[in-house]
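What you see below is based on every heavy atom in this structure, not just the backbone, and it leaves out hydrogens, waters and symmetry mates. All values derive from a computational prediction rather than experimental measurement.
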Amino acid sequence: MDEQTRLMHSHTGVGMAGHPGLPQHMQDSTGGTDGDGRKQDIGDILQQIMTITDQSLDEAQARKHALNCHRMKPALFNVLCEIKEKTVLSIRGAQEEEPQDPQLMRLDNMLLAEGVSGPEKGGGSAAAAAAAAASGAAAAENSTEHSDYRAKLTQIRQIYHTELEKYEQACNEFTTHVMNLLREQSRTRPISPKEIERMVNIIHRKFSSIQMQLKQSTCEAVMILRSRFLDARRKRRNFNKQATEILNEYFYSHLSNPYPSEEAKEELAKKCAITVAQVSNWFGNKRIRYKKNIGKFQEEANMYAARTAVNAANASSHGSQANSPSTPNSAGGYPSPCYQSDRRIQ
DNA sequence: ATGTATGATTCCGG
DNA sequence: CCGGAATCATACAT
């Protein structure tokens with residue numbers, strides 16, 4: 001009995017206790033029709049927004065328009081504004097520091113120095129002149145290589161400029177495109193002018209990084225060209241006939257001491273239109289090669305001896321010179337060159 | 001294609 | 001730094 005009452009009580013108690021829940025349930029239920037509908041509505045809108053990119057352009061346009069006119073739009077817009085307000089603050093902190101890439105500056109400087117990015121005409125010739133000076137070559141000599149170098153440099157410059165222009169144009173196009181897009185979108189989502197500006201900056205940065213690649217490869221090309229040009233020193237060109245004659249004349253007429261002084265070298269260099277270093281090279285080579293095989297040079301020695309004799313002696317002395325220079329001093333004896341010719345020229 | 005001539009470069013000793 | 005010697009790399013001749 002007790003039990004029963006207790007149970008009953010408890011039951012009623014439970015029942016009574018359970019009662020307050022009823023209104024909630026009822027509220028839930030009744031409000032549910034309305035709330036569910038709204039949720040459904042919002043969910044639907046969000047779904048439409050999320051899938052709008054999957055649709056065809058026309059469809060998407062229509063959908064967009066529909067959304068734009070939707071009664072929920074202002075509310076959603078406000079929500080977006082709020083979200084934006086918060087996220088933008090966090091984004092703003094983590095941006096805007098562009099320390100003018102030192103590498104980019106280096107590249108720019110180099111391109112300017114090489115006359116690629118500088119003023120058209122002057123830059124090129126200046127660079128060529130600089131290269132010529134660097135190579136230390138005589139002016140009159142390898143002018144063909146100069147023009148070659150200049151032509152290639154011009155080619156590089158042209159490519160560089162057209163590419164740069166292309167990039168510039170593409171960048172501008174893309175920027176205006178994006179700006180239009182953003183402006184249009186600003187009707188449906190909150191976009192401040194500042195953000196547009198930021199976006200433009202981002203685009204510009206991207207494009208300038210692309211430009212940097214161009215600059216880098218251009219620099220590379222110039223460097224390669226330059227090294228080739230400088231290495232062309234190694235690409236030997238024989239001296240012209242006149243120069244070798246002058247040098248040989250001096251060599252065989254100073255066979256006893258074929259070491260021209262600095263002044264003599266300078267004079268020879270001037271007469272042969274080559275550098276003093278080249279004169280030194282020539283004498284170095286000549287001495288060692290003459291010494292190594294005197295026999296081979298005998299004929300040459302005779303010839304120059306004869307010629308200089310004729311030149312020097314002119315009308316006064318005559319006759320007996322042609323034979324004698326053939327020094328019988330055939331073997332070895334390299335430290336003591338045949339002074340014979342030397343003597344007779346004197 | 002091969003060999004030789006030749007200008008330039010490199011290494012080394014003084 | 002200069003010159004000798006060896007070597008490289010190409011021009012030139014065959």
Participant: Please evaluate the base of B:dA8 for a donor-acceptor partner in the side chain of A:N285 within a cut-off of under 3.5 Å?
Facilitator: yes
Participant: Has A:N281 got a side-chain N or O lying under 4.0 Å from the OP1 or OP2 atom of B:dA8?
Facilitator: yes
Participant: With heavy atoms under 4.0 Å as the rule, sort A:K296 into base, sugar-phosphate or nothing.
Facilitator: sugar-phosphate
Participant: Rounded to whole Å, please give me the gap between CZ in A:R287 and P in C:dC2.
Facilitator: 12 Å
Participant: With respect to the side chain of A:F239, which nucleotide from B:dT6, C:dG3, B:dA8 is positioned closest?
Facilitator: B:dA8
Participant: Which one, C:dG3, B:dG7, C:dA6, comes nearest to the side chain of A:Q278?
Facilitator: B:dG7
Participant: Can you measure A:K286 atom NZ to B:dG7 atom P for me and round it to whole angstrom units?
Facilitator: 9 Å
Participant: Please say which of A:Y290, A:F297, A:Y304 ends up in a side-chain contact (heavy atoms from CB on, under 4.5 Å) with A:F251.
Facilitator: A:Y290
Participant: Separation of A:K292 atom NZ from C:dA6 atom C1', in whole Å?
Facilitator: 7 Å
Participant: I need the CG-P distance between A:N240 and C:dC12, as an integer number of Å.
Facilitator: 12 Å
Participant: A:R237 CZ to C:dA9 P: how many Å, rounded?
Facilitator: 19 Å
Participant: Answer yes if the side chains of A:Q185 and A:T188 hold a donor-acceptor pair under 3.5 Å, and no otherwise.
Facilitator: no
Participant: Looking at residues at least two apart in the chain, or sitting in another chain, which of them share a salt bridge (charged side-chain N to carboxylate O under 4.0 Å, His left out) with A:E163?
Facilitator: A:K166
Participant: Of all the heavy-atom pairs spanning A:K265 and A:P260, show the shortest one and how long it is.
Facilitator: CE-O, 3.5 Å
Participant: In whole angstroms, how far is the C1' atom of B:dT6 from the CZ atom of A:F251?
Facilitator: 14 Å
Participant: Using five base pairs at each end, measure the axis-to-axis angle across the helix from B:dA1-C:dT14 to B:dG14-C:dC1 and round it to 10 degrees.
Facilitator: 0°
Participant: Can you measure A:N248 atom CG to B:dA5 atom P for me and round it to whole angstrom units?
Facilitator: 14 Å
Participant: Round to the nearest Å and state the distance from A:I288 atom CD1 to C:dC2 atom P.
Facilitator: 18 Å
Participant: For residues A:Q278 and A:I274, report the shortest heavy-atom separation together with the two atoms involved.
Facilitator: OE1-CB, 3.2 Å
Participant: How long is the span from the OG1 atom in A:T275 to the NZ atom in A:K270, to the nearest 0.5 Å?
Facilitator: 15.0 Å
Participant: Counting any heavy atom closer than 4.0 Å, what does A:R289 reach on the DNA or RNA strands: base, sugar-phosphate only, or nothing?
Facilitator: base
Participant: In Å, rounded to the nearest 0.5 Å, how long is the span from CG of A:L112 to CG of A:L107?
Facilitator: 12.0 Å
Participant: Less than 4.0 angstrom between a side-chain N/O of A:K265 and OP1 or OP2 of C:dG3, yes or no?
Facilitator: yes
